[in-house]
K.L.:
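Take a look at this one; I'll ask things after.
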Amino acid sequence: MALNDDIALLRGLDFFDAFSDDALRMMLFAAERRTLKAGERLFSKGSPAPGGFVVTSGLIAFVDDPDEFELDRVGPGTLIGEFALLAASERPAHAIAREETNLISLPRSLMHRLLREYPDTAQHLRDQLLQRSMALHDALQNFIHRMEFSES
């Protein structure tokens, strides 16, 4: 995939809205590329999450137990591990390639470096995450209210 195609792919992800083309270019130059064969594991449930991945082609399935049903499937243009780009965490499920899959690996250390070098981007990302957290809070409160009402 050409650099401009990769920039366009990242542009399609909400997480990277505030990043300039220069910041995205710098990120992509420093990022690693990975190719997984069908059946190969990207990561295991409970393992440390040192960063995130962007799927450029292929298909990744998330499973709670490798022998059980799939929780979700994602394909090209998906950011895996958004939270791991910002803070230390563990992987919540196993991630397994269902076909040959290409990914851009984005380490948290790279993201932190970019956010230090582009403080306006960091502020925008902070605001975006705050808005999303508030929307999630409101949705959960609404759900709780409906559950309490339906039990009455």
K.L.:
If you measure from CG on L114 to CG on D22, what distance do you get to the nearest 0.5 Å?
P.N.:
11.0 Å
K.L.:
Over all heavy atoms of both residues, which pair between S44 and H94 is shortest? Give the atoms and the distance, please.
P.N.:
CA-ND1, 3.5 Å
K.L.:
Ignoring hydrogens, what is the shortest heavy-atom contact between G58 and P76? Give both atom names and the distance.
P.N.:
O-CD, 3.4 Å
K.L.:
Rounded to the nearest 0.5 Å, how far does OG1 of T78 lie from CZ of R73?
P.N.:
13.0 Å
K.L.:
May I ask whether L10 and Y118 are part of the same hydrophobic cluster, defined by side-chain heavy atoms of I, L, V, M, F, W, Y residues being less than 4.5 angstrom apart, directly or through others?
P.N.:
yes
K.L.:
Taking all atoms of both residues into account, what is the closest heavy-atom pair of A97 and L36, and its distance?
P.N.:
CB-CB, 3.8 Å
K.L.:
Between A95 and I60, what is the shortest heavy-atom contact and its length?
P.N.:
CB-CG2, 3.9 Å
K.L.:
Which distance, rounded to the nearest 0.5 Å, do you find between the CZ of F83 and the CD of E90?
P.N.:
11.5 Å
K.L.:
Verify whether one side chain among D127 and Q131 offers a donor that lies under 3.5 Å from an acceptor in the other.
P.N.:
no
K.L.:
Assess whether atom NE2 of H112 is packed by more than 12 heavy atoms of other residues, nucleotides or ligands within 6.0 Å.
P.N.:
yes
K.L.:
Any idea which heavy atoms bring R108 and A87 closest together, and the distance?
P.N.:
NH1-O, 3.1 Å
K.L.:
Can you tell me if T101 uses its side chain to pair, donor with acceptor, with the backbone of E99 under 3.5 Å?
P.N.:
yes
K.L.:
Same cluster for M27 and F15 if Ile/Leu/Val/Met/Phe/Trp/Tyr side chains link at under 4.5 Å?
P.N.:
yes
K.L.:
So for atom CD, which belongs to E32, do other residues, nucleotides or ligands contribute more than 12 heavy atoms lying within a distance under 6.0 Å?
P.N.:
no
K.L.:
Carefully, step by step, assess R33 and N102 under the rule side-chain contact (heavy atoms from CB on, under 4.5 Å).
P.N.:
CA-CA 7 Å; R33 309 286 174 163; N102 292 295; over 6 Å; no
K.L.:
Between atom CZ of F16 and atom CG of L9, what is the distance when rounded to the nearest 0.5 Å?
P.N.:
9.0 Å
K.L.:
Please work out which of the three classes, parallel, tilted or perpendicular, describes the rings of F53 and F43, given edges at 30° and 60°.
P.N.:
parallel
K.L.:
For the backbone of D14 and the side chain of Q128, can you confirm whether one donor and one acceptor N or O come within less than 3.5 Å of each other?
P.N.:
yes
K.L.:
Show your working on side-chain contact (heavy atoms from CB on, under 4.5 Å) between L28 and R25 and close with a plain yes or no.
P.N.:
CA-CA 5 Å; L28 289 165; R25 195 171 287 109; 5.9 Å; no
K.L.:
Linking I/L/V/M/F/W/Y whenever their side-chain heavy atoms sit closer than 4.5 Å, directly or via other members, would L85 and I80 fall into one cluster?
P.N.:
no
K.L.:
Does the side chain of F69 come within less than 4.5 Å of D64's, by heavy atoms?
P.N.:
no
K.L.:
Should the pair D21-R11 be classified as a salt bridge under the 4.0 Å nitrogen-to-oxygen rule?
P.N.:
yes
K.L.:
Rounded at 0.5 Å granularity, tell me how far CD1 in I96 sits from CG in L42.
P.N.:
10.0 Å
K.L.:
Indicate the atoms forming the closest heavy-atom contact of I104 with A31, along with that distance.
P.N.:
CG2-CB, 3.6 Å
K.L.:
Report whether V54 and L115 are members of the same hydrophobic cluster (ILVMFWY, side-chain heavy atoms less than 4.5 Å apart, transitive linking).
P.N.:
yes
K.L.:
Between CG of L71 and CG of D65, what distance do you get to the nearest 0.5 Å?
P.N.:
10.0 Å
K.L.:
Kindly work out whether a path of hydrophobic side-chain contacts (I/L/V/M/F/W/Y, heavy atoms less than 4.5 Å apart) joins F19 to L86.
P.N.:
yes
